[in-house]
Amino acid sequence: MAFWLMKSEPSVYSLEDLKKTGTTPWEGVRNYQARNIMRDDMSVGDLVLFYHSNAKPTGAVGVGRVSAEAYPDHFAWKKGSKYFDARSTPEKPVWMMVDVDYVCHFSEIVSLADMKEDPALDGMMVIRRGSRLSVQPVEKKHFQHVCRMGGLPGIPKA
DNA sequence: GCCAACGTTGGC
DNA sequence: GCCAACGTTGGC
C-alpha cells in the first residue's frame with residue numbers, strides 16, 4: 001500500500017464535502033506529473049492525506065482512500081466545464097482521475113506551518129518551497145506522523 | 001492582492 | 001531543442 005497527498009481548495013471542494021457523499025471522482029487535474037502518478041502509481045486501498053490549499057490555515061485536514069484506479073476524466077470532454085480540454089476525447093483521453101473515499105477528519109488541522117516546524121517531517125515534499133504538485137507521494141513514516149499530529153493513534157485502517 | 005516558483009507554449 | 005513569454009499555483 002502506498003501513501004499520497006492530494007490538494008484541494010476548500011472553497012472548491014473540501015474534506016467536509018467528501019464526507020457528505022462518501023466518495024468523489026478526483027476530476028480536474030491538469031498537470032502531467034500529477035496525472036501520471038494517478039494513472040501509474042495509485043492503487044485501490046492507498047491512503048491519501050487530504051490537504052486544503054489556499055485556506056486559512058492551509059494544511060492536512062484528514063484522510064481519504066483511493067477507491068477506483070485511474071480512468072478517463074470525462075469532465076475534459078464536456079464543453080462548458082471549467083475542466084474542458086479540447087485535446088482530450090473519449091477515443092484518446094488525455095486526462096485521468098481516480099476515485100477517493102472519505103476515511104476520517106483529523107481532530108485538528110495539521111497546518112503547513114506545523115509540518116514545517118516538525119523535524120520528523122524533514123524531506124516531505126509538501127513543505128518544500130515552491131512545491132506545487134497537487135498529487136504527491138508521501139513516505140509512510142511521514143504519513144503516520146501527520147496522522148498522529150492530527151490526533152489519530154496512527155495510520156487509519158484502509 | 002501580491003508575487004515567487006514553476007509548468008507550458010511557441011517562435012526561432 | 002532552446003529559451004523568453006506567459007499562465008497558474010498557492011503561500012503569505
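Source: prediction; values computed, not measured. In the text below, chain A, chain B and the rest are named by the order of the sequence lines, each starting its count at 1.
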- Per the under-4.0 Å heavy-atom filter, residues of residues 114-134 of chain A near DNA chain B come out as A:R129, A:G130, A:R132
Nearest 0.5 angstrom please: [X] [atom1] to [Y] [atom2], how far?
{"X": "A:E69", "Y": "A:M96", "atom1": "CD", "atom2": "CE", "answer": "10.0 Å"}
{"X": "A:E108", "Y": "A:M149", "atom1": "CD", "atom2": "CE", "answer": "9.0 Å"}
{"X": "A:I37", "Y": "A:L133", "atom1": "CD1", "atom2": "CG", "answer": "5.0 Å"}

- Near-ring test A:Y83/A:W77, centroid separation under 6.0 angstrom: no
- Along DNA chain C, first and last positions that approach a heavy atom of chain A under 4.0 Å: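 Boundary nucleotides touching chain A, in 5' to 3' order, are C:dG7 to C:dC12.
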- For A:W95, the option from A:F84, A:Y32, A:Y71 that meets ring pair (Phe, Tyr, Trp, His ring centres under 6.0 Å):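 Of all the options given, the one that passes is A:Y32.
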- Item | Qualifying residue for side-chain contact (heavy atoms from CB on, under 4.5 Å) with A:F3, from A:I155, A:D46, A:V146 | A:I155
- Message: Checking A:D41 now: which residues fulfil salt bridge (charged side-chain N to carboxylate O under 4.0 Å, His left out) with it, not counting sequence neighbours?
- Response: none
- Query: Heavy atoms under 4.0 Å, any strand shown: does A:R87 hit a base, just sugar-phosphate, or nothing?
  - Reply: sugar-phosphate
- Take A:N54 and A:Y32, find for each the nucleotide of DNA chain B with the closest heavy atom, and name the residue whose nucleotide sits nearer the 5' end. A:N54
- Query: What orientation do A:H52 and A:F50 show, parallel under 30°, tilted 30 to 60°, or perpendicular over 60°?
  - Reply: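 Correct class here is perpendicular.
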